[in-house]
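The structure appears right after this line, and notes come after that.
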Amino acid sequence: MEKYTFCGTKLSPQERQARARSKRHPIGEENGKVRAQNFDEVNLGYDPETAIAEAKRCLLCPAAPCVQGCPVRIKIPEMLEYVSLGDFDKALSVLKRDNALPAVTGRVCPQEVQCEGSCTLKKTSGEALGIGYVERFLADWERNNGKTHSIELPKNGKRIAVVGSGPGSLSVAADLAKSGCEVHIFEAFHRAGGVLTYGIPAFRLPKEVVDHEIENLVKVGITIHTNKIIGTLYSIEDLQNALKFDAVYLGIGAGLPKFMNIQGEDLNGVSSANEYLTRINLMKSYLFPHYDTPVHTGKKIAVVGGGNVAMDAVRTAVRLGAEKAYLIYRRSREEMPARLEEIHHAEQEGVEFLLLCNPLRYNGDDHGWLKSVDCVRMELGEPDASGRRSPRTIEGSEFKLDIDMAIIAVGTGANPLVTQATPDLATNKWGYVAADSQFRTSKRGVFAGGDIVRGAATVILAMGDGRAAAASILSYLKENTWPENFEPSSF
Amino acid sequence: MHSTTPILSINEITPTIFEMVLDAPQVAIKAKPGQFAIAMSHAEGERIPLTLANWDSTRGTVTLIIMAVGTATRKLCSMRAGEHLFAFAAPLGQASELKPYETVIMVAGGVGVAPIYPIAKAFHAKGTRVISIHAARNEKLLFWDNMLKNVSNEFIVTTDDGSRGEQGLATKPLQRLLENDSQKKIGGVYAIGPAQMMHACTETTRPFATHTVVSLNTIMIDGTGMCGGCRVNVGGKPKFTCVDGPEFDGHLLDWPSILIRQNSYKREENCSLNRYIEQND
């Protein structure tokens with residue numbers, strides 16, 4: 001078990017009992033009706049007093065189950081102890097030792113199944129400590145006070161190329177830069193951040209928060225090259241040979257949107273959630289015509305799916321003036337993979353949930369525009385490979401829903417840009433890059449992690465992979481050994 | 001941190017068609033016929049897919065042909081030498097397959113000469129007999145005709161109004177060439193231009209079962225496989241123009257759907273354009 005350095009807070013039995021029974025400090029939220037009109041952030045965040053009070057709930061459990069629940073292993077009790085003493089600077093240095101993007105993860109992590117899910121307070125008082133809120137408070141406090149916790153870094157003479165600039169890549173880059181590597185990030189888009197930039201909307205993750213976190217990384221010496229298509233513009237071999245990188249990390253994500261291949265999916269008015277969200281978040285089409293990229297704004301829209309992307313899309317549609325916003329999901333609420341807070345916010349904002357329901361076909365008018373969707377009711381059968389109960393259709397339960405826009409958020413697959421151009425990079429049957437338990441690929445010196453290895457997952461899992469991969473890269477740079485036989489791991 | 005791309009020159013070919021030469025050495029080294037780029041004039045602009053029309057790896061230059069139709073393309077065309085494109089990402093898409101045909105027909109409709117030229121050049125260089133049909137509405141809209149002629153063994157010009165070459169559509173000589181090809185030497189046809197023209201060529205070649213390749217210019221946002229806005233149905237399978245194309249077998253495409261989808265943003269495009277014209281009057 002890992003050990004933590006605490007600064008000596010001792011809890012009396014009475015204090016301990018009081019903490020164990022304490023309730024979580026709620027976070028301010030923009031009024032549901034007001035916020036449905038704008039792209040401002042929904043969560044208003046803790047002020048310093050509330051952050052201190054919330055941190056003072058921590059039982060300082062020696063086993064720290066919260067740390068075990070955190071994919072990047074932030075030393076949470078130590079961080080909370082500094083916060084409880086009002087020493088935000090020290091708390092931040094603890095936080096940033098393990099987490100390159102605290103303002104981001106404080107907002108987008110599914111804390112309820114990670115750190116907060118294993119918090120002892122959840123058992124003793126029914127309400128876990130608001131670790132995510134405290135984390136976010138610290139990062140925002142740092143940003144608002146113009147402070148940066150960057151350290152003078154040693155140089156070890158090694159050059160690393162990181163492909164993609166999403167959360168996983170940024171984590172790899174941060175860890176390697178801290179270890180003295182010269183890190184270059186190659187991004188295909190005109191802006192860095194990956195899903196943080198093109199996918200997650202501003203009301204959940206303000207873009208200035210993302211930009212600030214990225215600027216902090218640039219300040220520690222990481223170079224970001226935008227508009228660079230790795231695969232065609234530079235092959236992996238170009239990076240290794242001509243550009244003399246000692247190792248390459250592929251953090252290219254799983255961005256290829258999936259469709260259901262049902263009738264009418266090519267009608268005008270049907271789009272992928274990626275298209276919808278990219279138009280809005282990356283291209284800022286909600287400010288059209290001040291920005292040149294337009295986006296359709298339906299009056300009656302249906303989003304298909306039950307994950308965070310579906311929630312982001314449907315809540316965006318509400319903000320763009322949808323009078324009816326449906327969320328169609330084929331299983332029940334319990335199986336929804338979205339964060340609880342997002343489901344809760346979507347309901348508050350007036351989204352109608354059509355659960356145990358699946359689209360069969362889209363119907364268009366004579367000009368090829370979507371006008372309705374035929375749906376069918378579902379029921380849950382036996383659990384499938386993912387452990388979730390698999391849905392099956394109820395015969396004769398078809399019904400029609402009038403809509404003028406449908407957004408498909410049923411998942412994404414592997415982007416083929418890099419793998420197609422790199423035939424000696426082993427992939428699995430779904431086209432994801434195969435990697436071993438140390439995030440090494442079949443190609444010497446090339447590592448991969450995050451969604452391009454796992455399939456679409458979460459920001460924090462990609463960041464966890466990034467940290468582990470960075471450690472693996474450092475050991476490769478030191479030992480210069482590579483396994484003779486490639487043993488892909490299952491993620 | 002942000003990489004921009006310098007414009008070396010920009011020339012007006014017609015009042016709506018511009019030739020832009022960029023300083024992009026690495027793209028010039030890696031570009032292959034059939035591939036495209038995404039270009040943005042400025043930070044608030046649209047990501048516009050444009051064919052890599054020509055390149056010179058020794059000089060490090062890449063040439064784009066841009067037709068000023070909507071706001072974003074007009075903004076691109078109003079840029080000057082010495083300015084920088086806010087974003088230029090390339091090469092994207094699959095390169096042309098360049099199958100071992102004995103003879104290939106290259107049909108260029110209007111600005112379609114831009115994507116046709118590098119493919120014709122590549123076929124010509126590998127010894128394939130190249131018959132080019134260069135079609136436009138009128139003589140003024142014909143450009144790069146000498147360049148295309150130089151990489152063709154046979155060169156036919158058609159204009160809708162008969163102001164140069166044969167009067168009529170490109171499908172007329174295309175039909176004639178296929179009818180007269182008794183020895184079946186024509187292995188393939190490339191037809192690139194407006195969607196209606198590519199569709200018409202596809203229907204012309206269908207009865208002859210001649211392999212016909214078209215290059216689609218669908219709606220696209222990122223151009224890297226992320227948005228699916230460019231999806232097309234190819235022989236019953238959904239494909240993305242940006243990563244699976246832009247070239248597809250014309251006989252396998254669902255043309256009615258392609259023609260409908262390309263108009264899906266007409267209303268917004270007109271709104272944006274009217275605003276642009278008002279502001280620049």
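Chain identifiers are assigned alphabetically (A, B, ...) following the order of the sequence lines, protein sequences preceding nucleic acid strands; residue numbering begins at 1 within each chain.
- Taken from OG1 in A:Thr232 to NZ in B:Lys30, the straight-line distance is 8.0 Å, to the nearest 0.5 Å.
- Residue A:Asn415 holds its CG atom at 8.5 Å from CG of B:Asp222, rounded to the nearest 0.5 Å.
- Residue B:Lys75 touches chain A through its side chain alone, counting heavy-atom pairs closer than 4.5 Å.
- Within a 6.0 Å radius of CZ in B:Arg206, other residues, nucleotides and ligands contribute more than 12 heavy atoms.
- To the nearest 0.5 Å, the span separating CG on A:Asp292 from CD1 on B:Ile48 amounts to 8.0 Å.
- Both tests pass for A:Arg279 against the ring of B:Tyr265: distance under 6.0 Å to the centre and angle within 45° of the axis.
- At distances below 3.5 Å, at least one donor-acceptor pair connects side-chain atoms of B:Ser3 with backbone N or O atoms of A:Thr226.
- When each of A:Leu417, A:Leu256, A:Ile252 is tested with B:Thr224 by the rule side-chain contact (heavy atoms from CB on, under 4.5 Å), just one qualifies, namely A:Leu417.
- With a threshold of 4.5 angstrom between heavy atoms, A:Ser271 approaches chain B through N, CA, C or O but not through any side-chain atom.
- Here the side chains of B:Arg231 and A:Val270 are in contact, with some heavy-atom distance below 4.5 Å.
- Interface check for chain B: of the options A:Ile185, A:Leu282, A:Ile408, A:Asp238, the most heavy-atom pairs under 4.5 Å are formed by A:Asp238.
- Looking at A:Tyr198, only its side chain comes within 4.5 Å of chain B, counting heavy atoms on both sides.
- The interface of residues 234-251 of chain B with chain A, defined by heavy-atom distances below 4.5 Å, comprises B:Pro238, B:Phe240, B:Val243.
- At a threshold of 4.5 Å between non-hydrogen side-chain atoms, the residues A:Asp266 and B:Asp254 count as touching.
- For A:His367, the part lying under 4.5 angstrom from a heavy atom of chain B is the backbone only.
- Comparing B:Gln35, B:His42, B:Glu268, B:Gln94 by heavy-atom pairs within less than 4.5 Å of chain A, the highest count is held by B:Glu268.
- Ranked by heavy-atom pairs under 4.5 Å with chain B, the list A:Ile222, A:Thr412, A:Val295 is led by A:Val295.
- Only the backbone of A:Leu267 comes within contact range of chain B, with at least one heavy atom under 4.5 Å from a heavy atom of that chain.
- Annotation for B:Ile260 and A:Gly368: closest pair CG2-CA, 3.9 Å, computed over non-hydrogen atoms.
- Proximity to chain A (any heavy atom under 4.5 Å) is shown, for B:Leu273, by neither the backbone nor the side chain.
- In terms of heavy-atom pairs under 4.5 Å with chain B, the best-connected choice from A:Glu265, A:Lys258, A:His290 is A:His290.
- Sparse packing is recorded around CD of B:Glu97, with 12 or fewer heavy atoms of other residues, nucleotides or ligands lying under 6.0 Å away.
- In terms of heavy-atom pairs under 4.5 Å with chain A, the best-connected choice from B:Ala72, B:Ala89, B:Gly70 is B:Ala89.
- Per-residue counts of heavy-atom pairs under 4.5 Å with chain A were compared for B:Gly228, B:Pro91, B:Gly229; the largest is that of B:Pro91.
- For the atom pair OH of A:Tyr291 and OG of B:Ser272, the computed distance is 14.0 Å after rounding to the nearest 0.5 Å.
- Between atom CD1 of residue A:Ile229 and atom CG of residue B:Leu92 there is a gap of 4.5 Å, rounded to the nearest 0.5 Å.
- Between A:His190 and B:Phe86, the angle of the ring planes goes over 60°, which puts this pair in the perpendicular group of the 30/60° scheme.
- Going from atom CD1 of B:Ile38 over to atom CZ of A:Phe189 covers 9.5 Å, rounded to the nearest 0.5 Å.
- Interface remark: of the candidates A:Glu187, A:Glu275, A:Lys228, A:Glu275 forms the most heavy-atom pairs closer than 4.5 Å to chain B.
- When B:Pro256, B:Ala90, B:Ser257, B:Ala95 are compared by the number of non-hydrogen pairs under 4.5 Å with chain A, B:Ala90 comes out ahead.
- Seen from the ring of A:Phe288, B:Arg275 does not count as a face-on cation partner, given the 6.0 Å and 45° thresholds.
- Residues B:Met40 and A:Met283 form a side-chain contact, since some pair of their non-hydrogen atoms from C-beta on lies under 4.5 Å apart.
- Within the 4.5 Å cutoff, the side chain of A:Pro257 has no heavy atoms near those of the B:Met226 side chain.
- Heavy-atom contacts from other residues, nucleotides or ligands closer than 6.0 Å to CE of A:Met260 number more than 12.
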